[in-house]
Structures are given as C-alpha cells and as structure tokens.
Amino acid sequence: MDYAFLGIVAAVLLGSITSLWTVRVQATHRLSLDSLWVLVQWYLTMLLGFAMIYMILQVNGHAVFTPSPNSASKDRLSLLEDSLYLSGMTLLSVGYGDVTPIGVGRWIAIAEALLGYIMPAVIVTRTVFDWDHR
C-alpha cells in the first residue's frame, strides 16, 4: 500500500514539473505576482512530495536519511518532521546539519536539489519567452 502511495506522489511531482512547460502565466509585466505564486506553489509541491518519498521509504525499512538525534521518540510525527526538514534543506539549500541523506536517499536528494536550483531559471525563462510572444 505504501508503494502505491509512493507512485501517486511521484506522479503528482512529475505532473507539477511538466505543468510549468504547458501552463501560460498571463501577466502584464515581465515579472509578476502570478509568476511568483506559480514558483511558490511549485516549491511547496516539491517540498511536500519529496518529504513523502523520504518518509515512505524510511518507514518501509530503506535507510534514506539519518534521523535527527534530537528526536526522542521515533514515532511517525518525528519522522514526518525529519522528512520535511530534509526535503526543505535539500530543495532550498544544501545545508545539511543533523538530518542527512544516506544510501539511495543521496540520489533522491541530488534530484531534488537539481530541481530546486533550476526552477527559478525556468520561471524567468518562461516569463521572458511569454513576454517575447506578446
């Protein structure tokens, strides 16, 4: 059941990525609040999606990150907190501290970091291309 949910999360993430190439943001200025809102939504989708991937794999026995030493109990809530923290640190920076990716989690983190770095460039490029088409 968890792996089916993992497939759903991956499909939503892929849909979110491809939507940036198909949805046109209509704006009257080169950079607009619409473009910023699309970027914020994309980042939130990626952060939550990758956090779910980390958590599902960790719950199913795949060591994808080292849990925080500050987590006194290893319940699902602290695991979710660590997964969200790891995803946020990977997507928005690469400043790992107490929660670090290991094993296959390193490759997932590389993919997430790459997406986190290229998405602002994609939004700016799309804005420029949309402006040129008008």
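This is a predicted model, so every value here is computed, not measured.
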**Study point:** Tyr85 reachable from Ile102 in the ILVMFWY side-chain graph, under 4.5 Å edges
**Key:** no

Excluding Leu77, membership of its hydrophobic cluster (Ile, Leu, Val, Met, Phe, Trp, Tyr; side-chain heavy atoms within less than 4.5 Å) reads none

| field | Any Leu91 side-chain heavy atom under 4.5 Å of Tyr43 side chain | value | yes

Derivation and outcome, side chain to side chain contact (heavy atoms under 4.5 Å, CB included), residues Leu80 and Leu84
CA-CA 6 Å; Leu80 175 63; Leu84 286 168; 4.0 Å; yes

- Is there a donor-acceptor pair closer than 3.5 Å between any side-chain N or O of Gln58 and the backbone N or O of Ala63? no

Here the gap from Ser83 atom OG to Leu48 atom CG, rounded to the nearest 0.5 Å, amounts to 11.5 Å

Do any side-chain atoms of residues 107-117 form donor-acceptor pairs under 3.5 angstrom with protein atoms, and if so which ones, sequence neighbours left out?
| residue | atom | partner | partner atom | Å |
| --- | --- | --- | --- | --- |
| Glu112 | OE1 | Tyr54 | OH | 2.8 |
| Glu112 | OE2 | Ser87 | OG | 2.6 |

dist Asn60:CG -> Met55:CE (nearest 0.5 Å) comes out at 10.5 Å

In this structure, CG of Leu92 is separated from CG of Leu47 (nearest 0.5 Å) by 6.5 Å

OG of Ser68 to CG of Asp82, rounded to nearest 0.5 Å, is 5.0 Å

Hey, are the side chains of Thr90 and Pro101 touching, using non-hydrogen atoms and a 4.5 Å cut-off? no

In this structure, CD1 of Ile53 is separated from NE2 of His62 (nearest 0.5 Å) by 13.0 Å

Taken to the nearest 0.5 Å, the spacing of Thr100 OG1 from Phe65 CZ works out to 10.0 Å

